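One structure is given below, encoded as structure tokens.
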Amino acid sequence: MNRPDEKELLYKMASYCSTAERCIRDVEQKLTASDIEKEGRERIIARLLQEKFIDETRYARFFVNDKFRFNKWGRIKIDYELQKKGIPPTVRNEALQNIDETAYTEMLYSLLANKKKTIKSTNAYDARVKLMRFAAGRGFERNETNKCLKQLFKDHED
């Protein structure tokens with residue numbers, strides 16, 4: 001089977017980037033799988049960047065929004081996933097700062113309150129530890145989790 005030429009791959013990658021937000025790492029992986037030489041990959045990516053098919057700032061902003069709203073992830077997990085995608089720290093930090101603090105705290109409180117209903121624990125300490133572990137797995141910061149847990153256990157002391 002013959003390898004696709006650079007122009008054909010450029011069109012395919014433009015189409016790929018048009019369907020959803022993509023980062024450079026996503027496009028590189030697709031191009032590597034297509035078995036094109038390194039210089040060709042670099043030219044295609046440069047052209048996609050130039051024509052705004054790829055914009056890592058835009059990608060990071062949408063990624064943060066989607067993972068926070070739909071997956072209910074915390075900042076730590078979102079930042080880690082963006083780092084795995086090769087997004088620069090300045091872009092990651094800027095995108096993470098767009099998360100509304102009130103919505104962030106409300107989501108964490110809601111997650112913890114729902115989880116508290118399902119855990120089996122013998123005492124309040126055991127429940128707190130399990131909820132801390134749950135929140136950490138979702139990527140929420142320890143201090144935010146502690147604030148929500150204090151409120152949650154204060155609300156349910158009745």
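Since we're looking at a predicted model, the values are computed, not measured.
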With sequence neighbours excluded, residues passing ring-ring contact (aromatic ring centres under 6.0 Å, His included) with Y104:
F68, F140

Not counting sequence neighbours, which residues clear ring-ring contact (aromatic ring centres under 6.0 Å, His included) with F134? List them please.
none

Listed partners of T19 passing side-chain hydrogen bond (donor to acceptor under 3.5 Å, both in side chains), at least two apart:
R22

Sequence neighbours excluded, which residues qualify as side-chain hydrogen bond (donor to acceptor under 3.5 Å, both in side chains) partners of T105?
E144

For side chain to side chain contact (heavy atoms under 4.5 Å, CB included), just list the numbers for N146 and N143, CA-CA rounded to whole Å, side-chain angles, deciding distance to a tenth of an Å, and then say yes or no.
CA-CA 5 Å; N146 277 331; N143 60 345; 5.6 Å; no

Just how far is it from atom [atom1] of [X] to atom [atom2] of [Y], taken to the nearest 0.5 Å?
{"X": "I36", "Y": "L10", "atom1": "CD1", "atom2": "CG", "result": "9.5 Å"}
{"X": "C148", "Y": "L112", "atom1": "SG", "atom2": "CG", "result": "6.0 Å"}
{"X": "C17", "Y": "K12", "atom1": "SG", "atom2": "NZ", "result": "14.0 Å"}
{"X": "K116", "Y": "S121", "atom1": "NZ", "atom2": "OG", "result": "8.0 Å"}
{"X": "M13", "Y": "E28", "atom1": "CE", "atom2": "CD", "result": "12.0 Å"}
{"X": "L108", "Y": "T145", "atom1": "CG", "atom2": "OG1", "result": "5.0 Å"}

With ring pair (Phe, Tyr, Trp, His ring centres under 6.0 Å) as the rule and sequence neighbours excluded, what pairs involving residues 10-47 come up?
none

Can you check salt bridge (Lys or Arg N to Asp or Glu O under 4.0 Å) on E21 and R58, steps first, answer last?
CA-CA 8 Å; E21 287 298 329; R58 188 177 63 213; 2.9 Å; yes

For the backbone of W73 and the side chain of N71, can you confirm whether one donor and one acceptor N or O come within less than 3.5 Å of each other?
no

For R138 and K72, indicate whether the former's side chain and the latter's backbone hold a donor-acceptor pair under 3.5 Å.
yes

Would you be so kind as to tabulate the donor-acceptor pairs closer than 3.5 Å made by side chains of residues 87-98, with sequence neighbours excluded?
{"residue": "R92", "atom": "NE", "partner": "D79", "partner atom": "OD1", "Å": "2.7"}
{"residue": "R92", "atom": "NH1", "partner": "I87", "partner atom": "O", "Å": "2.9"}
{"residue": "N93", "atom": "ND2", "partner": "P89", "partner atom": "O", "Å": "3.2"}

Can you name the closest pair of heavy atoms from A60 and L82 and give their distance?
CA-CD2, 4.2 Å

Any salt bridge linking [X] with [Y]? Criterion: basic side-chain nitrogen under 4.0 Å from a carboxylate oxygen.
{"X": "R75", "Y": "E101", "value": "yes"}
{"X": "K77", "Y": "E81", "value": "no"}
{"X": "R43", "Y": "E37", "value": "yes"}

Can you tell me if K30 has over 12 outside heavy atoms packed within less than 6.0 Å of its NZ?
no

On the six-membered ring of F63, is K67 placed so that its NZ or CZ lies under 6.0 angstrom from the centre and within 45° of the ring axis?
yes

Min side-chain heavy-atom separation R47-E51 under 4.5 Å:
yes

